[in-house]
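Reviewing the structure listed below.
What you see is a predicted model, and the numbers here were worked out from it, not measured in a lab. FYI, side chains are in, hydrogens and waters are out, and symmetry mates aren't considered; it's all heavy atoms of this structure. Ligands are counted one by one from 1 in listed order, and the atoms in each one are counted from 1 as well.
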Amino acid sequence: MARSSLAIPIVPKKPSWKISKTGKTAKQRPSTSANSNRRAKSTVLPKETAEEIKKLKAKLSEVNIQVYEKKEEIFKLVENCSLETQNMNKELNGLLNLEKEHKRIVDLKNQTEKMDESIKHYNILKGIQDEIKDLNKMKFKYIQICREETFDESWLKCEFCRLFFGSEKPRTPRVLGCGHTMCFSCAENRVKDDNLTCRIDGEITKVNGAALEEAIPINFTVATMCGI
Ligand SMILES: [Zn+2]
Ligand SMILES: [Zn+2]
């Protein structure tokens with residue numbers, strides 16, 4: 001770009017003639033012929049003045065060129081400023097995106113920490129659940145053992161009086177006509193009018209005046225299990 005300093009404005013000397021806004025010399029009033037001749041002579045510019053005008057016109061043209069160049073320069077500067085502003089905006093947007101990204105990373109880190117904490121808790125819970133499962137298995141096993149023991153023990157007792165069978169006559173296990181077993185003592189107590197009613201199914205075993213011992217024989221299976 002052509003760079004040139006602004007020329008110092010040259011203030012022209014006040015012209016001695018009248019110039020209208022249109023630049024034309026003012027119209028002369030009609031006058032007498034003598035006056036007319038004198039004034040016609042006065043409109044002829046002196047040579048020096050004409051030279052000065054020529055110089056001024058040249059200077060004006062030069063100034064106009066300089067003004068044009070300055071305008072160009074200013075336009076370029078504005079354009080550069082605009083480009084620079086655009087670049088700065090891009091950079092700013094980039095920084096804002098970076099900030100967002102940074103925030104996102106921080107959030108992700110926090111989430112990961114929380115997830116790690118959750119996983120720890122989950123593992124602890126899983127461990128506890130496994131322990132509970134093992135305990136439940138043990139519990140189930142013990143319950144089964146207890147049931148088996150109870151079941152086994154039930155074979156050793158009369159279902160009605162809940163007393164252990166024994167070798168003494170009242171404690172001997174006796175089988176009724178229906179197949180149920182009870183101790184001799186309980187059977188004896190349930191005989192009424194030669195009828196022995198089973199407490200479980202209500203079936204009657206006839207005694208018919210015979211000795212009760214014969215009507216309800218010993219249950220040898222139970223007796224053997226009881227070690228009688
Ligand atoms: Zn029965
Ligand atoms: Zn009994």
Next on the checklist: Is it the case that the side chain of Arg174 and the backbone of Ile216 share a donor-acceptor pair, with hydrogens and angles ignored and the cut-off at 3.5 Å?
Outcome noted: yes

Next on the checklist: Can you tell whether the side chains of Glu213 and Lys169 come within less than 4.0 Å, N to carboxylate O?
Outcome noted: yes

Next on the checklist: With 2.8 Å as the threshold, which protein atoms of type N, O or S lie near the Zn ion (ligand 2)? Leave waters out.
Outcome noted: Cys158 SG, Cys161 SG, Cys183 SG, Cys186 SG

Next on the checklist: Does this structure show an ion pair linking Lys54 with Glu51, if we count only N-O contacts that are shorter than 4.0 Å?
Outcome noted: no

Item to check | Nearest to the Zn ion (ligand 1) - the N/O/S atom of His180, by atom name | outcome: ND1

Next on the checklist: Keeping Asn189 on the side-chain end and Ser185 on the backbone end, is there a donor-acceptor pair under 3.5 Å?
Outcome noted: yes

Next on the checklist: Any salt bridge linking Lys76 with Glu73? Criterion: basic side-chain nitrogen under 4.0 Å from a carboxylate oxygen.
Outcome noted: no

Checklist entry - Can you tell me if Ser61 uses its side chain to pair, donor with acceptor, with the backbone of Lys57 under 3.5 Å? => result no

Checklist entry - Mind checking what makes side-chain hydrogen bond (donor to acceptor under 3.5 Å, both in side chains) contact with Thr205, not counting sequence neighbours? => result none

Checklist entry - Can you tell me the angle formed at the Zn ion (ligand 1) by SG of Cys178 and OD1 of Asp201, to 10°? => result 110°

